Amino acid sequence: MNRLTIFEKVASGALSPEQARALLQTAPREWPLSEGQQALWMAYRLSPDGSTYNVPIVQWVRDGVSTADLRQALGAVIARHPVLASLVV
């Protein structure tokens, strides 16, 4: 069962959130590309050395910030928004 089907079943009441969590652990993590993602992929294929859509940033972190806590916080954001960890291959 794919992730979309699981979400739809939770929305319809056919699955409880606990059942969904268990299923999501084994569900395939593949989604079709949106039109925008397809356009970005095509732009990359046409110009693989281009950097049009790369937006590098640097953030300075003050002394005293726990690296482990920062890693955990960023991991939580990615867990809530899987698109942040998406990879187009």
Side-chain angles (χ1 to χ4, degrees):
M1 185 178 321
N2 68 32
R3 295 167 100 52
L4 182 58
T5 303
I6 294 169
F7 295 139
E8 288 171 345
K9 287 187 180 236
V10 171
S12 71
L15 280 176
S16 72
E18 293 76 23
Q19 292 169 317
R21 275 190 208 95
L23 288 171
L24 287 170
Q25 297 300 318
T26 59
R29 300 189 66 125
E30 296 179 11
W31 295 87
L33 295 178
S34 69
E35 288 184 25
Q37 290 169 321
Q38 289 177 27
L40 290 174
W41 179 82
M42 181 57 74
Y44 166 76
R45 297 297 293 175
L46 293 172
S47 180
D49 295 327
S51 60
T52 304
Y53 292 99
N54 295 332
V55 183
I57 62 168
V58 174
Q59 292 289 333
W60 292 100
V61 179
R62 295 180 184 177
D63 289 338
V65 173
S66 166
T67 305
D69 289 344
L70 182 58
R71 188 180 312 272
Q72 183 179 4
L74 292 173
V77 170
I78 290 171
R80 282 193 304 267
H81 306 283
V83 72
L84 296 174
S86 63
L87 178 66
V88 177
V89 292

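Keep in mind that the numbers below use all heavy atoms, side chains included, and drop hydrogens, waters and symmetry copies. Values in this document were obtained by computation on a predicted structure and should not be read as measured data.
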Sorted by chain and residue number, the side-chain hydrogen bond (donor to acceptor under 3.5 Å, both in side chains) partners of E8 (sequence neighbours excluded) come out as none

In one Ile/Leu/Val/Met/Phe/Trp/Tyr side-chain cluster, 4.5 Å: V77, L70: no

Sole candidate of Q37, R45, Q38 that passes side chain to side chain contact (heavy atoms under 4.5 Å, CB included) when paired with W41: R45

Please name the pair of heavy atoms, one in I6 and one in L24, separated by the smallest distance, quoted to 0.1 Å. CD1-CD2, 3.9 Å

Report whether L23 and L4 are members of the same hydrophobic cluster (ILVMFWY, side-chain heavy atoms less than 4.5 Å apart, transitive linking). yes

Using a 6.0 Å cut-off, check whether atom CZ of F7 has over 12 heavy atoms from anything other than its own residue. yes

For the backbone of K9 and the side chain of S12, can you confirm whether one donor and one acceptor N or O come within less than 3.5 Å of each other? yes

Does atom CD (E35) have a neighbourhood of more than 12 heavy atoms from anything else shown, all under 6.0 Å? no

Looking at V10 and S16, what are the two nearest heavy atoms and their distance? CG2-O, 4.2 Å

